[in-house]
Structures are given as structure tokens and as C-alpha cells.
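We count ligands from 1, going down the list as the structure has it; atoms in each ligand are counted the same way. This one's a predicted model, so the numbers in the text were calculated from it and none came from an experiment.
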Amino acid sequence: MTGKRIAILGDIHSNLEALEAVLADCAAEGVTDYLCAGDIVGYNACPKECLEKIRSLGCPVVMGNHDHYVSSVQNLADFNPHAAAVIEWTRERLDEEEMEYLRSLPFTATVAGITLVHATMDKPMDFGYVFDHLQAEANFINQKTQLCFHGHTHCPMIYEKQIGAVYRIDAQDMNLTMGRKYFINVGSVGQPRDGDPRSAYVIYETATRKVRFRRIEYDIASAQARIREAGLPDRLADRLALGQ
Ligand code: ZN
């Protein structure tokens, strides 16, 4: 087989069961390279383990808003109390070297002609949400490569720019067309919110220029039990089963 099979993983959010299931699927699919669209930590109960697994891939990783909150935001007064509690809890589990790793993540990366950003290339440090084609327009102004992968909303989606127009297309396997640009949301490994509780990630095959959206079952009950044992908010456990 020629060409690479690149797995793009995002919004892992400390969900070890989900990450392990996704990495097993990557191995079965013959993935050769990895990219991480950020938010390794936050929400779930295994920040340290997920950080270790992602770092062991030796792949490019960009900064997610939760990676940023945990490693760099001192004053949590503007956060809702549940969110602040999880950020504090996560900090207590990480050592200074791990905090420094998170702190040092870049907000964008370009690898082999592919751009990677957590939220949007329009002010990547502001972590704006892209839910429609109008919001995607601002990204495309700043997207220099044909292909850019992102996350942040936890909902897999395709935004396609043709001459004069941007279209939002439901996540589906597709081949890239020359002359068009693509801004592709890879969905969330650790906390999907599109109503499907299975883990989401994307494989991009360079030889065929094909994007494939993967959905993977994982042991949700075990991830939920860890959240409850850790004393993290119940809602974080409940939502995993709902995919919300
Ligand atoms: Zn996230």
C-alpha cells in the first residue's frame, strides 16, 4: 500500500476507555500516522493516562481550550462551578512536567500540507465555535491549505469551500475534490455530542485523498464508574451514554 493513513483524534477529554478503543481501531485499520486536534484533558477521570498515551504516539498535537484552562488559567472565577471543579481536579492529578507539556502546545500546526487547529483558524486562541457555514467562512479566510482538521464542538461535520460559497455537509466518507477547500470536524473521542455515544475520529488516506469518519463502541459503563468514583459531577457520567 502506498500513501499514508492518518488518524486525526480530538477531544479525548481524559476518557481512557474511549481512547483505548479508538487506538485499537486505528491499529486494525492500518493507521500509519496520527494528528491530535487538542483537548486531551477535561470532563473525564483519566487525564494522566490519556496524556501519556497521546504523547507516546509522538505526533503533532495542538492546544485545546481545556488543555489551556488546566495548564494556564489562574483565575477560574468566570467558569461555572462544575467546570472549575473538574479543572482543579485535573490539575491535582498532573505533575509539573505534564502541566508544562500542555502549556507548550501550539495553537495551530501544519504537517505535510494539512492544517490542524482545535477550534477555528480565525483567531485560534479565542476558541470560537463553528456550527454553521457562516462561521466556517471566517475560518476559510485564514486556512492556507486545502485540508484543515478541527474539533471543539464534539460534532463531526464537513465544511466545503467552493468558488464563492461555503457548504456544510453531514459527516460522511468522501474524496477530496481538487480546487476546493475542506474544514473537517473530526468529532470527539471522549465525549461525543451529536446524539451518538460512540467515539468519533477520522482517517485520511493520502493516496486516494479519502476522508473516512469512524464511530467506535467503547466501555461507557467503565468510564462512567471512574467519573463517579472520582467524585466528579454526575452529569459528566450521564451524558456519555446519551452522546450529548
Ligand atoms: Zn472539547
Between OG1 on residue Thr120 and CD on residue Gln143, distance to nearest 0.5 Å: 9.0 Å

Could you work out, with side chain to side chain donor-acceptor pair (under 3.5 Å) as the rule, every residue matching Asn15, not counting sequence neighbours? Tyr218

Do other residues, nucleotides or ligands put more than 12 heavy atoms under 6.0 Å from Asp78 CG? no

Sequence-distant partners of Gln146, side-chain contact (heavy atoms from CB on, under 4.5 Å), two or more places apart: Leu176, Tyr182, Arg209

Protein N, O or S atoms less than 2.8 Å from the Zn ion (ligand 1), ignoring waters? Asp11 OD1, His13 NE2, Asp39 OD2, His154 NE2

Please name all residues satisfying salt bridge (charged side-chain N to carboxylate O under 4.0 Å, His left out) with Asp234, sequence neighbours left out, ordered by chain then number. Arg228

Look at the aromatic rings of His154 and His13 and report parallel, tilted or perpendicular, splitting at 30° and 60°. tilted

